[in-house]
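Convention: sequence-line order gives letters A, B, ...; per-chain numbering from 1. Remember, it's a predicted structure, so these values are computed and weren't measured experimentally.
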Amino acid sequence: DSGVTQTPKHLITATGQRVTLRCSPRSGDLSVYWYQQSLDQGLQFLIQYYNGEERAKGNILERFSAQQFPDLHSELNLSSLELGDSALYFCASSGRQLSYGYTFGSGTRLTVV
Amino acid sequence: GQSLEQPSEVTAVEGAIVQINCTYQTSGFYGLSWYQQHDGGAPTFLSYNALDGLEETGRFSSFLSRSDSYGYLLLQELQMKDSASYFCAVKGGKDSSYKLIFGSGTRLLVRP
């Protein structure tokens with residue numbers, strides 16, 4: 001157990017639907033990051049939150065949104081889903097130093113059919 | 001922006017040594033990180049280099065040359081369990097964010 005909890009582990013949904021992915025960061029970490037990993041691809045940065053506020057944005061589609069709540073858990077909302085959104089979605093958390101690295105959750109595998 | 005290049009695939013024999021290279025371009029350098037990811041698993045942090053030179057952690061070492069915008073991950077005494085993808089990463093930009101930009105990954109296959 002890395003300390004970062006992601007739910008659900010698997011999600012199968014139809015095109016056009018909306019889903020919510022949930023992430024609880026490691027205890028003490030204020031930063032949460034969301035990444036998308038398509039089949040055999042690298043990790044694409046979506047968005048970062050720090051202590052409840054959006055800190056950085058990557059190539060996140062307008063159909064996607066996220067937020068971080070006062071208890072520091074974060075949710076990634078994906079709407080109007082398309083087949084191409086099928087991917088592994090990872091959440092990671094970190095402290096204040098890059099030297100300690102990110103701690104990743106086990107990911108949510110989203111399949112859009 | 002930031003970009004990283006690493007080989008897509010490397011094959012080596014069990015017990016051997018393998019080096020995975022990474023070249024990067026970034027506006028403002030704040031260190032080079034390495035992550036390991038087994039198929040279907042989560043990436044795990046391996047190492048971080050902020051200064052030039054070699055950092056050793058057990059069988060794994062990581063090297064950085066800031067003047068060449070280059071680093072590598074060295075894996076010694078390869079074991080079958082080292083078969084995985086390895087990603088290098090740099091901090092994305094000069095802002096206060098700690099977001100990491102990852103390379104496309106190097107798939108390492110260790111053969112018996």
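- In this structure, B/Q19 places its CD atom where more than 12 heavy-atom neighbours from other residues, nucleotides or ligands lie under 6.0 Å away.
- When the side chains of ILVMFWY residues are joined at heavy-atom separations under 4.5 Å, either directly or via intervening members, B/F63 and B/F29 end up in two distinct hydrophobic clusters.
- In this structure, B/L46 is a member of the same hydrophobic cluster as B/I20, with clusters built from ILVMFWY side-chain heavy atoms closer than 4.5 Å.
- The salt bridge (charged side-chain N to carboxylate O under 4.0 Å, His left out) search around B/R59 returns B/D82, not counting sequence neighbours.
- In the displayed structure, A/E54 atom CD is contacted under 6.0 Å by more than 12 heavy atoms of other residues, nucleotides or ligands.
- Residue B/L100 touches chain A through both its backbone and its side chain, counting heavy-atom pairs closer than 4.5 Å.
- By number of non-hydrogen pairs under 4.5 angstrom with chain B, the leading residue of A/S94, A/G101, A/G42 is A/G101.
- Residues of residues 6-38 of chain A that come closer than 4.5 Å to chain B, counting heavy atoms only, are A/Y33, A/Y35, A/Q37, ordered by residue number.
- Of all the heavy atoms in B/K99 and A/A56, the pair that sits closest is CD-CB, 3.8 Å.
- Taking hydrophobic clusters as Ile, Leu, Val, Met, Phe, Trp and Tyr residues chained together by side-chain heavy-atom distances below 4.5 Å, B/L75 shares a cluster with B/M80.
- By the 6.0 Å contact criterion, CZ on A/R63 is enclosed, its count of non-hydrogen atoms from other residues, nucleotides or ligands being greater than 12.
- Nearest approach of A/S106 to B/A42, heavy atoms of both residues: CA-CB, 4.1 Å.
- The two residues B/Y98 and A/Y102 make their nearest non-hydrogen contact at O-OH, 2.7 Å.
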Exercise. Given B/Q2 and A/F45, is the side chain to side chain contact (heavy atoms under 4.5 Å, CB included) satisfied, shown in steps?
Worked result: CA-CA 12 Å; B/Q2 294 74 38; A/F45 172 71; over 6 Å; no

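- Hydrophobic clustering (side-chain heavy atoms under 4.5 Å, transitive across Ile, Leu, Val, Met, Phe, Trp, Tyr) groups B/Y24 together with B/L73.
- A/L43 and A/L78 are assigned to two separate hydrophobic clusters, defined by single-linkage of ILVMFWY side chains at heavy-atom distances under 4.5 Å.
- The candidate from B/Y48, B/F87, B/Y35 with the greatest count of non-hydrogen atom pairs under 4.5 Å with chain A is B/Y48.
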